[in-house]
Structure formats: structure tokens, C-alpha cells
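Some notes on the structure that comes next.
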Amino acid sequence: MVARGEMARFWSLESLHLVSSDGSGPESAALVDDNGSEEDYSYEDLRQANSRFLQPGGEQLAINELISDGSVVCAEALWDHVTMDDQELGFKAGDVIQVLEASNKDWWWGRNEDKEAWFPASFVRLRVNQEELVEHSSSSPGEGQGEAGTTPHKLVESKQQMRTNVIQEIMNTERVYIKHLKDICEGYIRQCRKHTGMFTVAQLTTIFGNIEDIYKFQRKFLKDLEKQYNKEEPHLSEIGCCFLQHQEGFAIYSEYCNNHPGACAELAGLMKQGRYRHFFEACRLLQQMIDIAIDGFLLTPVQKICKYPLQLAELLKYTTQEHGDYSNIKAAYEAMKNVACLINERKRRLESIDKIARWQVSIVGWEGQDILDRSSELIHSGELTRITRQGKSQQRTFFLFDHQLVACKKDLLRRDVLYYRGRIDMDHVELADLDDGRDPSCSLTLKNAFKLVSSAGDEMHLFCAKKPEDKVRWLQACRDERRRVQEDREMGMEISENQKKLAMLNAQKAGHGKSKGYGGCPTTPPHQNLHPLQQRHVTVPTSLPQQQVFALAEPKRKPSLFWHTFNKFTPFKK
């Protein structure tokens with residue numbers, strides 16, 4: 001075991017290694033020359049340079065060794081982990097978890113606030129500067145620092161070393177990531193294209209998406225990073241400009257991330273056949289790739305784009321305002337956070353259109369164009385009384401989507417069955433709040449009322465809510481609808497026609513099957529009967545929960561609570 005004062009330890013799930021105090025570390029696994037080609041190191045060179053990352057289980061061994069040595073090992077949550085099981089540790093993206101044991105490959109034992117439990121290792125990223133707090137708090141007069149504590153010179157050196165650690169991690173994880181992308185393109189895609197009898201062009205497009213474009217882009221990005229990297233004094237490296245120069249290029253990740261769920265589904269179907277399992281394993285061995293399944297490799301771009309904001313945030317923390325790279329790092333952090341937010345929002349919309357499609361299939365007597373032709377998000381829903389021009393009142397259930405408001409009527413006997421009763425184009429109406437009292441337009445006394453008036457002024461829709469607070473919610477929802485439509489235009493938020501058609505097709509297939517609800521509480525993951533690793537531990541969970549790979553610590557919008565309303569109106573509900 002190396003003495004704690006002699007080495008600065010830092011790790012991540014992408015790259016687990018030790019870096020000496022002078023900042024030297026493993027050399028580049030793939031360096032890009034001016035012509036865009038690569039100088040490739042052998043597999044053995046890469047394995048030795050990043051041995052603890054490339055050898056399966058190396059991370060766990062190193063982490064447990066540090067824990068047994070008395071070191072405090074902390075991990076930062078990349079994504080939310082929502083659990084209904086007391087045996088698992090719930091947390092939000094950005095939370096810090098102390099790792100107490102990492103003997104299991106998939107599940108680690110850790111502490112968050114006052115609770116200890118299991119959590120999925122793939123949901124966290126080990127912090128770069130693990131010993132920052134220890135080093136700052138362990139100084140004593142007997143160590144030659146004087147009674148006043150750590151000298152300003154020592155503090156400057158410490159911060160420089162911390163920045164060196166973060167820079168080293170960014171560079172090394174980028175090099176390893178390039179190796180992963182190359183393995184996917186040359187080890188899998190190239191071999192798949194040779195076997196036309198096993199794979200169609202459409203299948204390969206579904207499985208691998210635009211990962212070849214990502215590989216080409218990342219090679220250029222790494223080339224610029226290497227130019228800005230100061231090998232002699234890494235803490236002086238100014239890499240912020242690289243992120244700013246390429247920020248528009250990172251948008252290509254959106255297509256890949258949106259395609260990833262379909263890729264997983266297509267791959268899962270093929271893996272049911274033995275010949276495909278053997279084929280992909282042969283590709284991995286032929287390319288001398290590390291011991292990770294193909295679905296693990298295909299997840300790396302999704303994880304990578306979400307880690308950039310975390311890495312830049314940590315780099316910004318150790319970059320002083322006097323540093324030449326401070327303003328660029330700060331701008332790069334905001335830029336990459338916006339990129340991740342846009343990808344996160346697009347992913348959320350794709351999940352949303354599946355639910356909307358299933359909802360439309362459940363509506364009896366649907367007329368006209370599909371809801372997905374214009375809308376991709378439910379904003380609000382609830383019951384309102386609609387007043388007709390003749391002064392008649394109609395009790396209806398309304399669903400406010402972006403661009404349109406859909407009216408439905410409940411079945412008299414089965415209140416969970418809805419019938420289609422029309423829609424209003426929100427793009428061509430204006431919202432008007434009405435005071436309580438007699439309204440001259442309909443000669444009725446109204447309470448909790450508001451109206452939607454067409455832009456041309458030739459049509460009006462009058463509504464009354466049951467309670468004042470319901471009216472307030474509807475007024476706010478209508479304003480939110482206009483704001484979100486405007487945001488979508490500014491962000492370039494679009495769902496492709498193929499994705500819409502696929503969502504409707506899947507919903508129709510599900511609707512023709514057995515009775516299904518689409519909601520309710522998810523079941524807790526099954527657990528196997530294994531002996532606990534320590535007496536205080538409960539049984540290790542066997543399966544990983546669905547990764548929320550796009551959830552960020554600072555989401556642009558709060559998650560909608562209104563899908564709960566959909567569940568109450570599902571005709572398949574027993």
C-alpha cells in the first residue's frame with residue numbers, strides 16, 4: 001500500500017488508476033494526428049496503462065483496499081435512484097454517497113445521510129479528489145507547518161494538484177472512450193456488415209445508430225484537447241476553449257440517445273438466439289476488447305455526454321478566477337449542461353409520446369388526426385363544466401397538451417371509460433380570465449370561469465371550474481402551454497415522424513392484447529437468497545433497476561404529476 005502522502009488517488013467508473021504527485025499518468029491510448037488517423041497502442045499497452053479499469057473487478061478490489069486502509073471513498077450520483085425497497089439506497093443526481101463496500105460487481109454498500117443500504121454501482125461516479133477533505137483537515141504543527149496551520153504556499157500547491165487530478169481524469173477518460181468507440185466501430189459494426197445473412201441495414205442502423213459519426217467527432221475533439229494539454233504542468237492546461245468550439249457538435253448525441261432504447265430492444269431480441277450471442281462474443285475476442293457485453297459498450301456514449309457537466313463542474317471548483325482558463329471553463333460548463341438538458345428533454349419527450357399514444361388508443365370513438373401529429377407532452381388534465389352557446393352546461397374531462405386541448409366524456413356506468421368529444425387548437429385562441437358574476441355573452445351567472453377566444457374573434461369556448469383553486473391551476477396550465485411551445489421552438493425540439501408512427505403502432509398492438517393498465521407502482525426488483533457479505537448486510541439485489549441516464553441534478557422542468565390522472569381514466573383498469 002502506497003503511503004497516503006506520496007500519491008494523490010483519484011478514480012472514476014470510466015478510468016480507475018493512480019496518478020503520482022507529479023501529475024504523470026498513463027499515456028494516450030489513441031492519439032489523433034493532423035490527418036485524422038490514429039497512432040494505436042497495442043492491447044497489452046492499453047491494458048497495462050489502465051489495468052485496474054480493463055481487468056474485470058479491478059475497481060472493486062482497489063476500492064475495497066482503500067476502504068480497508070481507512071480511506072473515505074465517496075461517489076457522486078450521476079442519476080436518480082428511486083426505490084421502494086428498504087434494502088436499497090435512494091438518492092438524487094448529484095448526491096454524495098460514501099462507499100463502504102464494493103465487493104459485488106453490480107451493487108455496492110454505502111451510506112447516504114443516516115441510512116446504509118445497497119445501491120447500483122453504475123449509477124455513481126467516484127469523486128476525483130477523494131482525499132481533499134482529509135488532506136485539509138490532517139495538518140498539524142508537528143509536521144513542519146507551524147502553529148498557524150497550512151501555509152498559503154501549501155494551499156496553492158494543493159489546489160494545483162487537485163486541478164491536475166481533474167485534468168488528468170478528463171484526458172485519460174477521453175482516451176479510453178476513444179478506444180471504446182473504435183472497438184465498437186471496428187470490432188462490431190465492421191464484422192456485422194460482412195454478415196449480410198444475419199443483419200439487415202435497418203437492423204444495424206437501429207442497433208448502432210450514429211455512433212460512427214460520434215467516433216469521428218470525438219477524434220477531432222480529442223485532437224484539440226491534446227493540443228491544449230500541458231504535459232509538464234497539467235494544472236496550467238486551458239481546455240475550456242475545446243468544449244466551446246465543439247459545443248454544437250455535441251448535439252449529435254441527441255440522435256444516439258433517442259435511438260438507444262430501440263437499440264436495446266432490437267439487441268435483446270437478437271440475443272435470444274444462440275448464434276447472435278456467439279457472434280458478438282467472437283467479435284469482442286477478435287478485437288481484444290475488454291470483458292463487457294455489447295450492450296454495455298453501446299451505453300457508454302449515453303453515459304459520456306451526461307458526465308461532461310460533472311467533470312467541468314469539478315474542474316471549475318479547482319480553477320481560480322486568476323487562471324487563464326477560468327472564464328472558458330465556466331462558459332463550457334454552462335454549454336455542456338445545456339447540451340445535456342436538451343438531450344434529457346428529448347428523451348423525456350420520447351417516453352411521453354409512448355404514454356400519449358397508449359392514452360389515445362384507450363379513448364373510445366377517437367376522430368381526426370392522431371394526437372401525436374401535433375403534440376408530445378401532457379401539461380394538465382381535470383374536469384371542467386363547458387357552457388355552450390345555448391347556455392347548456394356539459395360536464396367534460398379535459399386534457400391539455402402542447403398545441404391542443406382535448407375534451408372527453410365519461411361513460412355513465414363505467415366511469416373509467418372515456419369517449420372522444422372534440423378538441424380546441426390552442427395555437428389560435430387567447431386565454432381570458434372572467435370575474436364571478438353575470439356574463440352578458442351567455443346571460444348566465446358564472447363562478448370560477450374563464451374562456452378561450454379565437455384570434456379572429458368568431459368563436460368562444462367558456463369553462464367553469466368547481467373550485468377557485470382549480471381555476472387557478474387551469475389558468476396557469478394554459479400559460480405554461482404557451483411558454484413550452486415557445487421553448488420548443490427555441491430549442492428545436494422535434495419528434496421524428498418515424499418515432500411517432502412507431503409509438504402509435506406499439507400502442508395499437510398493446511391495445512389489442514390482454515387488458516393492461518399503464519401505471520401503478522413498479523414492482524420491487526427480485527432478490528436472490530445469498531449469504532450477506534457482512535453480518536450487518538441484507539441480501540444483495542440481483543437485478544439492476546432501469547437507469548435514469550438522462551436525469552440531471554438541475555432539471556429544466558419539474559416532473560409532471562398528471563400522468564397519475566391518466567391511470568384513473570384507463571378503460572383497461574379492473
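Residues: numbered from 1 along the sequence shown.
- Residues M271 and I294 are in side-chain contact: their nearest non-hydrogen atoms beyond the backbone lie under 4.5 Å apart.
- A 6.0 Å sphere centred on CD of E248 holds no more than 12 heavy atoms belonging to other residues, nucleotides or ligands.
- Within the 4.5 Å cutoff, side-chain heavy atoms of V99 are placed close to those of F119.
- Residues meeting the salt bridge (Lys or Arg N to Asp or Glu O under 4.0 Å) test with D325, sequence neighbours left out: R163.
- Judged purely by atom type and a 3.5 angstrom limit, Q247 has no side-chain atom pairing as donor or acceptor with the backbone of M336.
- Looking at heavy atoms from C-beta onward, V176 lies in side-chain contact with H180 at the 4.5 angstrom threshold.
- A donor-acceptor distance shorter than 3.5 angstrom exists from the side chain of K115 to the backbone of E88, with no hydrogens or angles considered.
- The side-chain hydrogen bond (donor to acceptor under 3.5 Å, both in side chains) search around E238 returns none, not counting sequence neighbours.
- Using cut-offs of 30° and 60° on the angle between ring planes, the pair F279 and F199 is tilted.
- Proximity of a side-chain donor or acceptor of D295 to a complementary backbone N or O of C264 within less than 3.5 Å is not detected.
- A donor-acceptor pair under 3.5 Å is formed between the side chain of N210 and the backbone N or O of I252.
- With rounding to the nearest 0.5 angstrom, the OH atom of Y308 is 6.0 Å from the CZ atom of F243.
- Salt bridge R483/E487: present, at least one basic N to carboxylate O contact under 4.0 Å.
- Side-chain contact check for Y318 versus I167: every heavy-atom pair is 4.5 Å or farther apart.
- With sequence neighbours excluded, the residues forming a salt bridge (Lys or Arg N to Asp or Glu O under 4.0 Å) with K500 are E497, listed by chain and number.
- Taking the centre and axis of the six-membered ring of Y229, the NZ or CZ atom of R175 falls inside the cone set by 45° and 6.0 Å.
- At least one side-chain heavy atom of L270 sits less than 4.5 Å from a side-chain heavy atom of Q203.
- Taking 4.0 Å as the cut-off between side-chain N and carboxylate O, R484 and D488 do not count as a salt-bridged pair.
- Taking 4.5 Å as the limit, some side-chain heavy atom of Y326 sits within range of a side-chain heavy atom of L316.
- One distance of note links SG of C242 with NZ of K223; it measures 12.0 Å at 0.5 Å rounding.
- Taking E174 as the reference, K304 meet the salt bridge (Lys or Arg N to Asp or Glu O under 4.0 Å) condition, with sequence neighbours excluded.
- Partners of D224 according to the side-chain hydrogen bond (donor to acceptor under 3.5 Å, both in side chains) rule, which considers only residues two or more places apart in sequence or in another chain, are H246.
- Of the listed residues (N328, L312, L310, N338), just one forms a side chain to side chain contact (heavy atoms under 4.5 Å, CB included) with Y333, and that residue is L312.
- Residues A503 and D354 come closest through the heavy atom pair CB-OD1, 3.4 Å.
- Between I292 and R284, the closest side-chain pair of non-hydrogen atoms is not below 4.5 Å.
- Looking at heavy atoms from C-beta onward, I305 lies out of side-chain contact with Y256 at the 4.5 angstrom threshold.
- Across every non-hydrogen atom of K182 and Q287, the tightest pair is O-NE2, 4.5 Å.
- No side-chain donor-acceptor contact under 3.5 Å links S375 to the backbone of L372.
- Taking the ring centroids of F217 and F250, they lie under the 6.0 Å cut-off.
- Atom-to-atom distance recorded for L286:CG and D183:CG is 11.0 Å, nearest 0.5 angstrom.
- If you check the side chains of E169 and N165, you find no donor sitting under 3.5 Å from an acceptor.
- At distances below 3.5 Å, not a single donor-acceptor pair connects side-chain atoms of T164 with backbone N or O atoms of P234.
- Interatomic distance, I211 CD1 to L204 CG, rounded to the nearest 0.5 Å: 12.5 Å.
- Partners of E255 according to the salt bridge (Lys or Arg N to Asp or Glu O under 4.0 Å) rule, which considers only residues two or more places apart in sequence or in another chain, do not exist here.
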